[in-house]
**Student:** 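The structure that follows is given in the form of structure tokens.
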Amino acid sequence: MTQEDLFKNLIAHTKEYGFIFPSSEVYDGLSAVYDYGQLGSELKNNIKKYWWNAMVRLNENIVGIDSAIFMHPKIWEASGHVGAFNDPLIDNKDSKKRYRADVLLEDYIAKLEEKIHKDVEKGKNKFGEAFDQVQFCATNPNVLRNQTKIDACRGRMVEALNANDLAALKQLIIDCEIVCPISGSKNWTDVRQFNLMFSTQLGSVSDESGTIYLRPETAQGIFVNYLNVQKTGRMKIPFGIAQIGKAFRNEIVARQFIFRMREFEQMEMQFFVRPGEELEWFKKWRETRLKWHKAIGLGEENYRYHDHDKLAHYANAATDIEFNFPFGFKELEGIHSRTNFDLSRHQEFSGRKLQYFDPETNESYVPYVVETSVGLDRTVLAILSGAYKEEQLENAEERVVMKIHPALAPVKLAVLPLIKKDGLPELAREIMKTLKLDFNCQYDEKDSIGKRYRRQDAIGTPLCITIDHQSLEDNCVTLRDRDSMAQIRIPIAELAHKVDEKVSMKRLLELI
RNA sequence: GCGGAAAUAGCUCAGUUGGUAGAGCAUCAGCUUCCCAAGCUGAGGGUCGCGAGUUCGAAUCUCGUUUUCCGCUCCA
């Protein structure tokens, strides 16, 4: 079976058993938006708990917050999102290629500059020692013409970009007679604006001043609370602030199931350090975070680092942790050394001092930041795709089993009376009653026992206990393991302990 | 956003030149069943993605539209 088929089967499986549904399905769905069903939300909650415990509970110097999705609009100016994510785009109708309008114009200017440069070189060769570049540029007609074009183009472009005048940008592209590098044609669409941020109105009256954005990342909620947390939590550098929450990006194309959604959830931690020590901490978190992923048990070979060569405007080091999804290795988590960019910018834009007085060095400084940012939905997808197995059994039968780590599995155990009479259901209910306080249990008495085992395999339940006639006499039940399908007989009194041993989150946390 | 393909029951699909919407599995109820699904009986569930048009009559033909998948494109 190809990876593609397997992925299709997985998507169908997650829908069929209640992990993930397309959003608003009765209204034909909503593009690139998905809902978590009864099992998906359990799984997601378990992942959150695993992350939160690993970050906040295991580290004395990391605390968690939960900031609002709505934030002051100036935050997105300070962070660079308003400037950097308003790209004017234009399509060539013949080649079907899309370009950034400003990049097309910059390329055009670069070409003209190249021409001037060539003319200057020619001049140098011609006049030798007597060559005066300033004089040459001021008199040579070719150079003058090109320079005039450059100045005009640049002037109009800056004006149009500042005024957000898309029609003027298009007119400029037409006037400059820019052709598509692929098709060579001038057959352009209108320039359109793609803003990656969703906006809405604060207050019931809509006017320009009330426009606010749904946050495109959770990080800024941490940065603007840096001072609050540091002061009230008496935090000493180095320390971290963690947060799990939703973020929103109006992607042009969002696809590949829950890999790229317009509404998604991040698990982020910003770690504040002394300037100059950031790369050391970057290295440390890079390793720690990979361990966290590998502990989930989807196979170490399915993870790899991808170090960035091209860095974002705020970073001085960046790595992705990639996972081998059914559609190839793709980013699961980003670890970025963000320098003091964010806090400095907020200091500048807010006029508040966002510094730390370091009692060890007697210095005040804006802390440097190392960020770890995992996609929660991507982690769900990694687990679902990594755990989904279509197994061939010895008796030539097939079973679909989700080998989700027991600590993360949505349902921890199923309680199954072998048959639904002779007092077996009653005893099963009694056992269920005590266990459901500690574990997410499912009770099932419908169909043959084998069928019920397969049903539990299909949703990744690590343990099943079966109550038979003998149980009524010796107070023992059968404990059946999902992965090995092996069965052992144990006293009812030992059940809670035995199950806890298997499904406890401790087993995961100890590996980090 | 562009190009290609698809959409019929929860799932997988059938449905003849246009003539009353079907199967298997799943679900539910009852029976059966002493440890790895698909034994018996019965039941529920579909305005065939949605909207127009052609026609006496449309799941079927035409147009539009939505969603999904694949390939481009985009992705601090």
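Because only heavy atoms are used, hydrogens play no part in the values below, and waters and symmetry mates are left out as well, while side chains stay in. Because the structure is a prediction, the values reported are computed rather than measured. Below, read A as the first sequence line, B as the second, and so on, with proteins coming before strands; counting in each chain starts at 1.
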**Student:** Give A:Q470 one of three labels, base, sugar-phosphate or nothing, depending on what nucleic acid heavy atoms sit under 4.0 Å from its own.
**Tutor:**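 Counting heavy atoms under 4.0 Å across all strands, no contact is made by A:Q470.
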
**Student:** Checking base pairs now: Watson-Crick or wobble, both atom distances under 3.5 Å. What partners B:C72?
**Tutor:**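 Per the H-bond distance test, B:G1.
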
**Student:** Separation of A:K446 atom NZ from B:G39 atom P, in whole Å?
**Tutor:** 13 Å

**Student:** Nearest to the A:R454 side chain among B:C36, B:C35, B:U68, which nucleotide is it?
**Tutor:**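 Between B:C36, B:C35, B:U68, the one nearest the side chain of A:R454 would be B:C36.
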
**Student:** Hey, does the Lys NZ or Arg CZ of A:R304 hover above the aromatic six-ring of A:F329, less than 6.0 Å from the centre and inside 45° of the axis?
**Tutor:**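 Cation-pi check for A:R304 and A:F329: passes.
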
**Student:** Could a donor-acceptor pair under 3.5 angstrom be found where the side chain of A:D468 meets the base of B:C35?
**Tutor:**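 Yes, the side chain and the base share a sub-3.5 Å donor-acceptor pair.
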
**Student:** If I take atom CD1 in residue A:I449 and atom P in nucleotide B:C35, what distance separates them, rounded to the nearest angstrom?
**Tutor:**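 After rounding, the gap between these two atoms is 10 Å.
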
**Student:** Within a strict 4.5 Å, meaning less than it, do heavy atoms of the A:L427 and A:S471 side chains meet?
**Tutor:** yes

**Student:** Taking atom P in both B:G51 and B:G44, compute the distance separating them and give it to the nearest angstrom.
**Tutor:** 26 Å

**Student:** Check this for me: does any side-chain nitrogen of one of A:R378 and A:E333 sit under 4.0 Å from a carboxylate oxygen of the other?
**Tutor:** no

**Student:** Below 3.5 Å, does any donor atom in the side chain of A:R452 face an acceptor in the base of B:C36, or the other way round?
**Tutor:**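 Checked by distance alone, the answer is no.
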
**Student:** Looking at A:K412 and A:D500, is there a salt bridge between them, counting it only when a charged N and a carboxylate O are closer than 4.0 Å?
**Tutor:**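 No, no charged N to carboxylate O under 4.0 Å.
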
**Student:** Could you work out which one of B:U12, B:C35, B:G30 sits closest to the side chain of A:A12?
**Tutor:** B:U12

**Student:** Taking pairing as Watson-Crick or G-U wobble with both contacts under 3.5 Å, can you name the mate of B:U67, or confirm there isn't one?
**Tutor:**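 Pairing partner: B:A6.
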
**Student:** Rounded off to whole Å, could you give me the CD-to-P distance for the A:Q392 and B:A37 pair?
**Tutor:** 13 Å

**Student:** So what does A:A32 touch, heavy atoms closer than 4.0 Å: a base, only the sugar-phosphate, or nothing?
**Tutor:** sugar-phosphate

**Student:** When the C1' atoms of B:A7 and B:C50 are considered, how many whole Å apart are they?
**Tutor:**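 One C1' to the other, the span is 11 Å.
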
**Student:** Please name the residue in the list A:F327, A:F259, A:F325 that meets the ring-ring contact (aromatic ring centres under 6.0 Å, His included) test with A:F7.
**Tutor:**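 Testing A:F7 for a ring-ring contact (aromatic ring centres under 6.0 Å, His included) against A:F327, A:F259, A:F325 leaves exactly one candidate, A:F327.
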
**Student:** Taking pairing as Watson-Crick or G-U wobble with both contacts under 3.5 Å, can you name the mate of B:U20, or confirm there isn't one?
**Tutor:** none

**Student:** Are the ring centres of A:F323 and A:H293 closer than 6.0 Å?
**Tutor:** no

**Student:** When rounded to the nearest Å, what value does the distance between C1' atoms of B:A6 and B:A59 take?
**Tutor:** 15 Å

**Student:** Assign A:L418 to base, sugar-phosphate, or nothing according to its heavy-atom contacts below 4.0 angstrom with the strands shown.
**Tutor:**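 Counting heavy atoms under 4.0 Å across all strands, the contact made by A:L418 includes a base.
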
**Student:** Please state the P separation for the pair B:U20 and B:U60 - nearest whole angstrom.
**Tutor:** 14 Å

**Student:** Scan every strand shown for a Watson-Crick or G-U wobble partner of B:U55, both distances under 3.5 Å, and answer none if you come up empty.
**Tutor:**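 Answer to the pairing question: none, since B:U55 forms no Watson-Crick or G-U pair.
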
**Student:** Assess whether one donor atom and one acceptor atom, taken from the side chain of A:H336 and the base of B:A76, lie less than 3.5 Å apart.
**Tutor:** no

**Student:** In Watson-Crick or G-U wobble terms, both distances under 3.5 Å, what is the partner of B:A43?
**Tutor:** B:U27

**Student:** What contact category does A:R480 fall into here, base, sugar-phosphate, or nothing, at under 4.0 angstrom with non-hydrogen atoms?
**Tutor:** base

**Student:** When the distance from CG of A:D447 to P of B:G30 is rounded to whole Å, what number comes out?
**Tutor:** 12 Å

**Student:** Mark yes or no for a side-chain to base donor-acceptor pair under 3.5 Å between A:E16 and B:C11, with no hydrogen or angle criteria applied.
**Tutor:**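 Not at all, since no donor on one side and acceptor on the other fall under 3.5 Å apart.
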
**Student:** Find the distance A:H469:NE2 to B:U33:P and express it as a whole number of Å.
**Tutor:** 10 Å

**Student:** Whole angstroms only, please: what is the CG-C1' distance between A:D422 and B:U32?
**Tutor:** 13 Å

**Student:** Write down the distance between CZ (A:F257) and P (B:U67), rounded to a whole number of angstrom.
**Tutor:**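 So the CZ-P distance, A:F257 to B:U67, works out to 17 Å.
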
**Student:** Looking at A:K451, I'd like to know whether one of its side-chain N or O atoms comes within less than 4.0 Å of OP1 or OP2 on B:U33.
**Tutor:** no

**Student:** Applying the side-chain hydrogen bond (donor to acceptor under 3.5 Å, both in side chains) criterion to A:Q220, which one of A:H346, A:R215, A:R345 satisfies it?
**Tutor:**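 Option passing the side-chain hydrogen bond (donor to acceptor under 3.5 Å, both in side chains) with A:Q220: A:H346.
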
**Student:** Starting from C1' on B:U68, measure out to CZ on A:F21 and report it in whole angstrom.
**Tutor:**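 Rounding to the nearest Å, CZ of A:F21 and C1' of B:U68 are 17 Å apart.
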
**Student:** Tell me which of A:K421 and A:V33 sits closer to the 5' end of RNA chain B, going by the nucleotide each one is nearest to.
**Tutor:**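 Result: A:K421.
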
**Student:** What integer number of Å spans the P atoms of B:A38 and B:U66?
**Tutor:**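 One P to the other, the span is 46 Å.
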
**Student:** Please determine whether a side-chain nitrogen or oxygen atom of A:R455 lies at a distance below 4.0 Å from atom OP1 or OP2 of B:U27.
**Tutor:**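 Result: yes.
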
**Student:** Counting side-chain heavy atoms from C-beta on, which of B:U68, B:G30, B:A76 comes nearest to A:P216?
**Tutor:**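 For A:P216, the side-chain atoms sit closest to B:A76.
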
**Student:** Pick the C1' atom in B:U54 and in B:G18, then give their distance to the nearest Å.
**Tutor:** 12 Å

**Student:** Closer than 4.0 Å, any side-chain N/O of A:K15 to the OP1 or OP2 of B:C11?
**Tutor:**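 Yes, within the criterion.
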
**Student:** Quote, to the nearest angstrom, the C1' distance that separates B:A52 from B:C13.
**Tutor:** 29 Å

**Student:** Pick the C1' atom in B:A5 and in B:C75, then give their distance to the nearest Å.
**Tutor:**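 25 Å, rounded to whole Å.
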
**Student:** Map A:R249 and A:E445 onto RNA chain B by nearest heavy atom, then report which one ends up closer to the 5' terminus.
**Tutor:** A:E445

**Student:** Ring centres under 6.0 Å, that's the criterion: do A:Y368 and A:F272 meet it?
**Tutor:**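 A:Y368 vs A:F272: aromatic centres not under 6.0 Å.
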
